[in-house]
Amino acid sequence: MHKLTVGDGYAYLTRHVAAGDAGLSAGDSLTAYYEQTGNPQGRWMGGGPTALGDGRLRVGAAVSETAMTAVFRDGRDPITFEPLGTPYKQVVLGEGRHTVAGYDLTFTAPKSVSILWGLADDQTRTALYDTHGAALASTLQFVERSVIRTRVGAAGCRQVKTRGMIAAAFDHWDSRAGDPNLHTHVVVANKVQGPDGAWRSVDGRTLHAAVVTVSELYDALLADEVSRRIGASWSLRDRGERRNLAFELHGVARICWPSPPPARSRSTAPSSAGRRSSRSAAGEHRHARRRPGRGSI
């Protein structure tokens, strides 16, 4: 999990997370990026968006750059631009700690799933993309129901449930090295409504404590979905020195990814990102990666 702050954190969100790790400069347009690459825009998720824009913002609606600015930089409603509680204090160079604007949770399919997704026929690619989406949706329901909390009372002495999280999800097709790497960044806004309807911040301690649980839940749900939808089986694989064994799709050759693969960080992603498959596999993937499959989005 990566904590996003007002200022540098928001710049990271718009230039990297929303732009598929392309590293856009400050003057580049996100809209032009989506049009040129074929990568989809982000989409709103969670129960929180229904409280925005006087009920006009719908779950699944595209995330515009203006809306991202309002929510994650300014702490405001993305449609009415009214403050969601206390607006974020903007960064002043030289001043102390910056306000937390959100939390970036990254959900990454196992490397063997990404390789198969990147090179398979359209029907299989669509099925694999849908398994990722189903596992992600179920995991986020757990996060919203059992993890997202806020605090009330004197000095935040009491933890309470919320009316739902505001999250923006961004699908990425490959790694920075260009190899198949199906993953989704889910950026949870640091703005939630308590039971009384007042806007407050997320209790970050609860979210941090649940990172490993959320990671394992996504991995298990994805494995179940893949087995059920395409009939694939799994086998335990050696991932290299000083790394735990992990389940990968049976039949996807280990030679398709580096040995040893890059280290997996439990705090940032639920499964390994990998670096690059063979040159020929990467070339085929780049040719096909612009869409998960016909009609799948």
Side-chain angles (χ1 to χ4, degrees), residues 20 38-46 59-60 104-147 167-175 179-187 211-237 239 245-254 256-257 261 264 266 268-274 277 281 284-297:
N39 285 327
Q41 283 184 264
R43 60 195 183 279
W44 292 109
M45 300 188 74
V59 174
D104 176 16
L105 308 176
T106 308
F107 298 88
T108 309
K111 193 60 184 179
S112 56
V113 173
S114 287
I115 291 171
L116 182 59
W117 170 82
L119 302 179
D121 59 84
D122 279 354
Q123 183 177 356
T124 303
R125 294 178 70 242
T126 298
L128 287 171
Y129 178 79
D130 289 345
T131 65
H132 170 70
L136 176 65
S138 295
T139 303
L140 292 181
Q141 287 177 2
F142 169 80
V143 170
E144 190 165 48
R145 181 180 63 251
S146 303
V147 177
F170 301 90
D171 290 334
H172 294 179
W173 307 145
D174 50 17
S175 70
D179 63 305
N181 187 38
L182 178 59
H183 63 288
T184 300
H185 290 266
V186 178
V187 184
V211 165
V212 173
T213 299
V214 171
S215 166
E216 295 293 345
L217 177 61
Y218 165 80
D219 287 349
L221 290 171
L222 180 69
D224 286 345
E225 289 286 345
V226 170
S227 297
R228 181 174 62 84
R229 296 191 187 212
I230 69 171
S233 60
W234 299 80
S235 58
L236 204 57
R237 302 289 185 90
R239 299 189 298 158
L245 298 175
F247 283 98
E248 296 284 355
L249 285 179
H250 185 69
V252 178
R254 172 69 185 274
C256 290
W257 61 87
R264 170 179 174 176
R266 282 286 182 185
T268 58
S271 60
S272 60
S277 62
E284 291 181 51
H285 165 65
R286 284 193 295 271
H287 177 71
R289 73 180 176 88
R290 292 181 178 244
R291 300 187 188 281
R294 296 188 182 98
S296 61
I297 292 184

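Values below: all heavy atoms of this structure, side chains included; hydrogens, waters and symmetry mates excluded. Being a predicted model, the structure only gives us computed values, none of them experimental.
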### Task
Indicate yes or no: at least one non-hydrogen side-chain atom of Asp171 is less than 4.5 angstrom from one of His185.
no
### Query
How far apart are the closest heavy atoms of Ala127 and Arg229, and which atoms are they?
O-CD, 4.4 Å
### Task
With sequence neighbours excluded, tell me which residues meet side-chain hydrogen bond (donor to acceptor under 3.5 Å, both in side chains) with Thr124.
Asp121
#### Entry: Taking every non-hydrogen atom, the tightest pair across Leu128 and Leu182
O-CD2, 4.4 Å
#### Entry: Reported CG-to-CG distance for the pair Leu245 and Leu236, which is rounded to 0.5 angstrom
4.5 Å
### Task
Output all residues satisfying side-chain hydrogen bond (donor to acceptor under 3.5 Å, both in side chains) with Ser227, sequence neighbours left out; order by chain, then residue number.
Trp234
#### Entry: Shortest non-hydrogen contact from Trp173 toward Trp117
O-CZ3, 3.5 Å
### Summary
For Ser235, the side-chain hydrogen bond (donor to acceptor under 3.5 Å, both in side chains) test, sequence neighbours excluded, returns Arg237
### Query
Say you draw a straight line from OG1 of Thr139 to CD of Glu216; how long is it, rounded to the nearest 0.5 Å?
11.0 Å
#### Entry: Flag side-chain contact, heavy atom, 4.5 Å: Pro180 against Leu116
no
### Task
May I ask you to check whether His183 and Phe170 place their ring centers less than 6.0 Å from one another?
no
### Message
Less than 4.5 Å apart, side chain to side chain, heavy atoms only: is that true for Thr106 and Thr184?
### Response
no
### Query
Would a distance-only check, ignoring hydrogens and angles, find a side-chain to backbone donor-acceptor pair under 3.5 Å from Ser112 to Glu248?
no
### Task
Measure the spacing between CG of Asp219 and CG of Asp224 and express it to the nearest 0.5 Å.
11.0 Å
### Message
With rounding to the nearest 0.5 angstrom, report the CG to CZ distance, Leu222 to Phe107.
### Response
11.5 Å
### Query
So, for Val59 and Met45, which heavy atoms are closest and what is the spacing to 0.1 Å?
CG1-CA, 4.1 Å
### Task
Measure the spacing between CG of Leu136 and CG of Asp130 and express it to the nearest 0.5 Å.
12.0 Å
### Task
Quick one: do His132 and Tyr218 satisfy ring-ring contact (aromatic ring centres under 6.0 Å, His included)? Show the steps, please.
CA-CA 9 Å; His132 170 70; Tyr218 165 80; 5.7 Å; yes
### Query
Rounded to the nearest 0.5 Å, what separation is found between the OG atom of Ser114 and the CG atom of Asn181?
5.0 Å
